[in-house]
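Heads up, the thing below is written out as structure tokens.
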2 protein chains.
Amino acid sequence: MLAVSQLTDHTGFWLRMVSNAVSQEFARKVAGQGVTVAEWAFMRTLFHQDPMSPSALASLMGMTKGAISKLADRLLAKGLIIRTETPEDRRAHRLSLTAEGKAKVPVLAALADDNDNAYFGTLAKEDHDMLRRILKALAENRGLKVMPVD
Amino acid sequence: MLAVSQLTDHTGFWLRMVSNAVSQEFARKVAGQGVTVAEWAFMRTLFHQDPMSPSALASLMGMTKGAISKLADRLLAKGLIIRTETPEDRRAHRLSLTAEGKAKVPVLAALADDNDNAYFGTLAKEDHDMLRRILKALAENRGLKVMPVD
DNA sequence: GTCCTATGGTTGACTAGGAAACTATCTGGT
DNA sequence: ACCAGATAGTTTCCTAGTCAACCATAGGAC
């Protein structure tokens with residue numbers, strides 16, 4: 001059959017379009033603070049449990065340990081985290097925010113709040129609630145639990 | 001202020017989570033047909049207007065001309081498109097689907113339909129309609145018009 | 001007709017991630 | 001005690017984008 005559906009027939013198309021716009025705008029905002037979105041996700045995760053091992057980070061962030069290793073290198077170079085060895089297990093490392101890193105998290109969190117508001121604050125409250133409810137249901141349906149970083 | 005909002009407080013978080021899951025699942029499906037999502041978007045665009053210049057593709061797909069140039073190289077290597085010079089303007093090229101490329105589009109389009117259905121077909125009709133309406137409104141609010149490829 | 005600039009496309013340097021190979025260390029079975 | 005996996009991280013190679021420099025050609029000003 002040669003019938004090719006329109007792109008805009010797909011709900012996934014609109015979802016992706018809006019999601020990309022929200023993410024790209026956020027990326028621009030955090031870039032103003034000298035960090036990438038992945039770096040922000042890393043710092044936020046550490047902020048809530050500090051210290052943490054690279055592999056725990058990888059699992060929470062849905063990234064490979066290779067990616068985490070390099071991400072940690074960059075944050076280290078920026079002075080936002082420190083990496084220490086553990087005496088109990090000489091293979092393991094512990095990652096921890098520096099004072100500078102800790103101080104940056106609330107600033108970035110405020111940008112995240114702003115960004116969400118800028119996009120979804122324009123919706124009527126009932127539409128916003130509806131949207132959240134449906135998205136959450138879709139996520140739970142699928143058993144999604146990993147942080148969306150990319 | 002040290003209050004750092006929860007990740008899950010943000011609608012953008014849920015949006016990204018679902019959007020990524022839908023896209024990654026689709027990427028897996030088209031990979032089974034030997035193409036990437038970007039290649040599919042390229043072919044679909046060409047299918048609806050053939051031939052087309054690389055720069056027109058770039059503009060429609062929201063990618064740089066550099067990316068389109070390399071994408072075209074890959075599709076060329078796979079025998080899915082051809083690249084011809086134009087006599088009127090010796091700088092310009094024209095890209096066109098091969099017979100094989102043309103034949104592949106409906107197959108891939110069916111996968112896109114399947115994927116959308118698999119995710120959103122589970123919603124109650126009124127929820128699905130609501131979701132589409134809200135997403136479209138958000139997109140139009142922001143004047144979004146570029147195809148979300150990434 | 002000759003420049004000067006705009007345009008179409010390609011290429012190279014760079015970024016960020018995944019997959020898999022690799023190194024070091026730990027742990028459990030014997 | 002030893003060795004065979006298992007586990008923690010790093011590194012290398014690959015892919016797929018962007019950005020900016022580049023080359024070729026077109027087209028207009030004069």
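Per chain, numbering begins at 1; letters A, B, ... match sequence-line order. Because the structure is predicted, anything quoted here is derived from the model rather than measured.
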Under-4.0 Å side-chain N/O to phosphate OP1/OP2 contact, B/T64 with D/dT18: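 For D/dT18, OP1/OP2 do have a side-chain N/O of B/T64 under 4.0 Å.
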State whether B/R74 places a side-chain N or O below 4.0 Å from either non-bridging phosphate oxygen (OP1 or OP2) of D/dC14.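 Checking D/dC14 against B/R74, no side-chain N or O comes under 4.0 Å of OP1 or OP2.
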Just to be sure I understand the rule, does B/R94 reach a base, reach only the sugar-phosphate, or reach nothing, if contact means heavy atoms closer than 4.0 Å?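 Touches nothing.
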What's A/S55 touching, base or sugar-phosphate or nothing? Going by heavy atoms closer than 4.0 Å. sugar-phosphate
Output the rounded distance in Å from [atom1] ([X]) to [atom2] ([N]).
| X | N | atom1 | atom2 | answer |
| --- | --- | --- | --- | --- |
| A/L57 | C/dG17 | CG | C1' | 16 Å |
| B/L95 | C/dG8 | CG | P | 14 Å |
| A/L71 | C/dG17 | CG | C1' | 10 Å |
| B/R28 | C/dG18 | CZ | P | 14 Å |
| B/H93 | D/dA24 | NE2 | C1' | 10 Å |
| B/L75 | C/dT10 | CG | P | 13 Å |
| A/F42 | C/dG17 | CZ | C1' | 15 Å |
| A/N20 | D/dT18 | CG | P | 12 Å |

Using 4.0 Å as the upper bound for N to carboxylate O, is an ion pair formed by B/E39 and B/K78?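 Judged by the 4.0 Å cut-off on N to carboxylate O distance, B/K78 and B/E39 do form a salt bridge.
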Presence of salt bridge, B/K125 and B/D129, under 4.0 angstrom: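 B/K125 and B/D129: salt-bridged.
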Any idea which of [options] is nearest the [X] side chain?
| X | options | result |
| --- | --- | --- |
| A/S53 | C/dG17, D/dG9, C/dT10 | D/dG9 |
| A/T36 | D/dA26, C/dA16, C/dG9 | C/dA16 |
| A/R91 | D/dA8, D/dT10, C/dT7 | D/dA8 |

A/Q33, CD: over 12 other non-hydrogen atoms inside 6.0 angstrom: yes
Residue mapping more 5' on DNA chain C - nearest nucleotide basis, B/A92 or A/G62: B/A92
By nearest heavy atom, map B/R83 and A/K65 onto DNA chain C; which one lands nearer the 5' end? B/R83
Restricting to non-hydrogen atoms, name the atom on B/L15 and the atom on A/L15 that form the minimum distance, rounded to 0.1 Å. CD1-CD1, 3.4 Å
A/K70 (side chain) and D/dT12 (base): donor-acceptor pair under 3.5 Å: yes
Do A/T84 and A/H93 get their side chains close enough for a donor-acceptor pair, meaning under 3.5 Å? no
